[in-house]
Amino acid sequence: MKNQEDSIFLQKARDLIKSAKRAPLSLEDRCDQAIELACLILQESNRTLTKEERKVQYELSKMMRDPIGKVFTTAMTDQCFRSNNYLRVADQLTYLLELFGIPKFLSPFKRLKLYIFKLFGFKFAKVFVPLTTYFLRKETASVIIPGEKASLKKHIKQRKQEGVRLNLNHLGEAILGEEEAEKRLAIYLKDLESKYIDYVSIKISTIYSQINLLSWDNTIENIAKRLRLLYRAAMQTTTTLADGTVSFKFVNLDMEEYRDLHLTKELFMKVLDEDEFHELSAGIVLQAYLPDSYDILKELTEWAIKRVQNGGAPIKVRIVKGANMTMEQFEASIKGWPQAPYPTKIETDANYKRLILYACDPNHA
């Protein structure tokens, strides 16, 4: 694009990559050039931010510096809009506003709207709640994709035209019983039947509600039955990727609680080891804030190498920092246990780099 061609940062980045190709660089030189390249990418990213994106970033940064506002925002999005009963939603949002106060990180106009809701929201719930829901969805539209069929289909088509493979991950994952777990399983299966969805992320806790680590074998087998259904659905239709490659649809096993880490890994290996899934490529997520993740990555890699050597499909491992720290700390505190994740960010970052370096070794990759 012309805009990109005119960018000094992009041109410098291209020149840097070109000069580094096949050049005999020392480790120190590679470190310096990697940092320089990262700086150029960041400068280009900041240069191309739209006015709206700058506004959102500014508000998010204010929220992250406002502990009470952060708790209010999390509680509001988690608690207030689960019900279809307008009075129930208004009652809960009013309660949170009374409990935490109106967040200071918001703009004066947004604070005014919440103040008006606090005064009149319950009385005029049928008007105020739909308006609040509309504004909330509008605010998060750049981050959370609408789940309605027409909107989702349009978004996925647009991404495919751009050569992007989209990973569909349903929000609102907590389930309360087997009936709900079976409904969630049916949603995933329906997704995999769709012509335009070819990649889904699931958590084992969303397809089986009775996880009991003391009944290990029984829990493994009951979840495996449902995981097989998903893998079979993925193999029933093929999809053509941006590079023209034809492959099966993709199922990614996401992570949540530390409790589910070893269980998810065992299920992943157990089911993919079965003959019918020999040619299926699938994925799993590892969280760097868990010390166990490094040994599990090694175990998965050694297993995957043998699988590929025997003619099987490769696997995909997605490495993330981890996103359930508050829950892990809370659970550890009420049970008097040390927390499962690393206690400091620097340890998490170091483990993340260790995982990346191991995974990117050519023999492992």
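Treat the numbers as computed from the prediction; the structure is a model and nothing was measured.
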Heavy-atom neighbours of Phe128 CZ exceed 12 at 6.0 Å: yes

Spell out, yes or no, whether Ile315 and Tyr358 are grouped together once hydrophobic residues are joined by side-chain heavy atoms under 4.5 Å, including indirect joins. yes

Which donor-acceptor pairs under 3.5 Å do the side chains of residues 22-29 make with protein atoms, sequence neighbours left out?
unit_1	atom_1	unit_2	atom_2	d
Ser26	OG	Asp29	N	3.1
Ser26	OG	Asp29	OD2	3.1

May I ask you to test the Pro341-Tyr258 pair for a side-chain heavy-atom distance under 4.5 Å? no

Check the pair Ile296, Ile284 against side-chain contact (heavy atoms from CB on, under 4.5 Å), reporting the backbone distance first and the verdict last. CA-CA 11 Å; Ile296 288 179; Ile284 189 169; over 6 Å; no

Given Ile334 and Phe330, is the side-chain contact (heavy atoms from CB on, under 4.5 Å) satisfied, shown in steps? CA-CA 6 Å; Ile334 62 173; Phe330 172 75; 3.9 Å; yes

List the atom of His278, the atom of Gly311, and the distance in Å for their closest heavy-atom pair. NE2-C, 3.4 Å

Is Ser205 close to Glu257 at the side-chain level, that is, under 4.5 Å between some pair of heavy atoms? no

Main-chain N/O of Asn212 paired with Arg259 side-chain donor or acceptor, under 3.5 Å: no

Nearest non-hydrogen partners of Ser281 and Pro314, listed with the distance: OG-O, 2.7 Å

Below 4.5 Å, heavy atoms only, C-beta onward: do His170 and Thr206 meet side chain to side chain? no

Closest non-hydrogen atoms of Ala340 and Pro291, given as atom of the first, atom of the second and distance, are O-CD, 3.3 Å

Hey, is Arg159 close enough to Glu162 for a salt bridge, meaning N to O under 4.0 Å? yes

Please give the remaining members of the hydrophobic cluster of Leu214, linking ILVMFWY side chains under 4.5 Å, ordered by chain and number. none

Distance col, row Asp273:CG vs Asn310:CG, nearest 0.5 angstrom, shows 9.5 Å

Under 6.0 Å from the six-membered ring centre of Tyr294 and within 45° of its axis: does the NZ or CZ of Arg354 meet both? yes

Find the distance between CG (Asp260) and CG (Leu253) and round it off to the nearest 0.5 Å. 11.0 Å

Which distance, rounded to the nearest 0.5 Å, do you find between the CD of Glu44 and the CG of Leu42? 10.5 Å

Intermediate values then yes/no, side-chain contact (heavy atoms from CB on, under 4.5 Å), Asn363 and Ile305: CA-CA 9 Å; Asn363 296 318; Ile305 288 170; 5.8 Å; no

Measure the spacing between CG of Asp191 and CG of Leu168 and express it to the nearest 0.5 Å. 5.0 Å

When you compare the side chain of Lys12 with that of Glu36, does any pair of heavy atoms fall below 4.5 Å? no

Run the side-chain contact (heavy atoms from CB on, under 4.5 Å) test on Leu230 and Ile207 for me, step by step, so that the C-alpha distance in whole Å, both residues' side-chain angles and the decisive distance to 0.1 Å come before the verdict. CA-CA 10 Å; Leu230 290 164; Ile207 60 172; 4.2 Å; yes

Enclosure of Asn84 CG (heavy-atom neighbours >12, cutoff 6.0 Å): no

Are the side chain of His364 and the backbone of Ala359 linked by a donor-acceptor contact shorter than 3.5 Å? no

Would you say Ile197 and Leu192 are hydrophobically clustered, going by side-chain heavy atoms of ILVMFWY under 4.5 Å? yes

Begin from the C-alpha positions of Asn351 and Glu347 and carry the test side-chain hydrogen bond (donor to acceptor under 3.5 Å, both in side chains) through to its verdict. CA-CA 6 Å; Asn351 196 42; Glu347 290 172 290; over 6 Å; no

Looking at every non-hydrogen atom in both residues, tell me the closest pair between Gln210 and Thr219 and how far apart they are. O-OG1, 4.2 Å

Does Asn252 offer a backbone N or O that forms a donor-acceptor pair with the side chain of Tyr199 under 3.5 Å? no

Between the side chains of Glu221 and Arg228, is the shortest nitrogen-to-carboxylate-oxygen separation below 4.0 Å, so that they form an ion pair? yes

Using the six-membered ring of Tyr196, assess whether NZ or CZ of Lys157 lies under 6.0 Å from its centre and within 45 degrees of the ring axis. no

Give a yes or no answer on whether the side chain of Thr74 reaches the backbone of Lys70 with a donor-acceptor pair at less than 3.5 Å. yes

So does Lys62 get a backbone contact from the side chain of Asp66, meaning a donor-acceptor N/O pair under 3.5 Å? no

Can a donor-acceptor pair be found between the side chains of Asn169 and Asp254 at a distance below 3.5 Å? yes

Are more than 12 heavy atoms from other residues, nucleotides or ligands located less than 6.0 Å from atom CZ of Arg54? yes

What's the spacing between Leu189 CG and Leu229 CG if we round to 0.5 Å? 6.0 Å

Could you label the plane-to-plane angle of the Phe120 and Phe124 rings as parallel, tilted or perpendicular, counting under 30° as parallel and over 60° as perpendicular? tilted

Contact check, side chains of Val285 and Thr264, non-hydrogen atoms, under 4.5 Å: no

Mark yes or no for whether Arg307, through its side chain, and Ala313, through its backbone, hold a donor-acceptor pair below 3.5 Å. yes

Do the side chains of Leu286 and Leu300 get nearer than 4.5 Å, heavy atoms only? yes

Hey, any chance Phe122 and Tyr86 share a hydrophobic cluster, counting ILVMFWY side chains that come within less than 4.5 Å of each other, even indirectly? no

Indicate the atoms forming the closest heavy-atom contact of Ala224 with Lys270, along with that distance. CB-CE, 4.2 Å

Please check: side-chain N/O of Glu266 versus main-chain N/O of Met269, any donor-acceptor pairing under 3.5 Å? no

Could you check whether atom NZ of Lys321 has more than 12 heavy atoms from other residues, nucleotides or ligands sitting under 6.0 Å from it? yes

Close side-chain approach of Asn324 to Gln287, heavy-atom, < 4.5 Å: yes

Electrostatic pair Lys265:Asp292 at N-O distance under 4.0 angstrom: no

Could you tell me if the side chain of Phe248 sits less than 4.5 Å from the side chain of Thr238, heavy atoms only? yes

If you count every heavy atom of other residues, nucleotides or ligands that lies below 6.0 Å from Glu274 atom CD, does the total exceed 12? yes

Quick one: closest heavy-atom pair of Glu331 and Lys335, and the distance? OE2-NZ, 3.1 Å

Hey, can you pull the donor-acceptor pairs under 3.5 Å for the side chains in residues 92-112, sequence neighbours left out?
unit_1	atom_1	unit_2	atom_2	d
Gln92	OE1	Arg88	NH1	3.4
Gln92	NE2	Gln79	OE1	2.6
Thr94	OG1	Ala90	O	2.7
Ser107	OG	Lys110	N	3.3
Lys110	NZ	Glu59	OE1	2.9
Lys110	NZ	Glu59	OE2	3.4
Lys110	NZ	Glu139	OE1	3.1
Lys110	NZ	Glu139	OE2	3.1
Arg111	NE	Pro103	O	3.2

Quick check: is Leu49 connected to Met64 through a chain of hydrophobic side chains (ILVMFWY, heavy atoms under 4.5 Å apart)? no

As an exercise, state the distance from OH of Tyr231 to CG of Leu280, rounded to the nearest 0.5 Å. 7.0 Å

Would one find more than 12 heavy atoms of other residues, nucleotides or ligands at under 6.0 Å from atom CE of Met327? yes

CD1 (Ile346) with more than 12 external heavy atoms under 6.0 Å: no

When you measure from the side chain of Glu178 to the backbone of Ser209, do you find a donor-acceptor pair of N or O atoms at a distance under 3.5 Å? yes

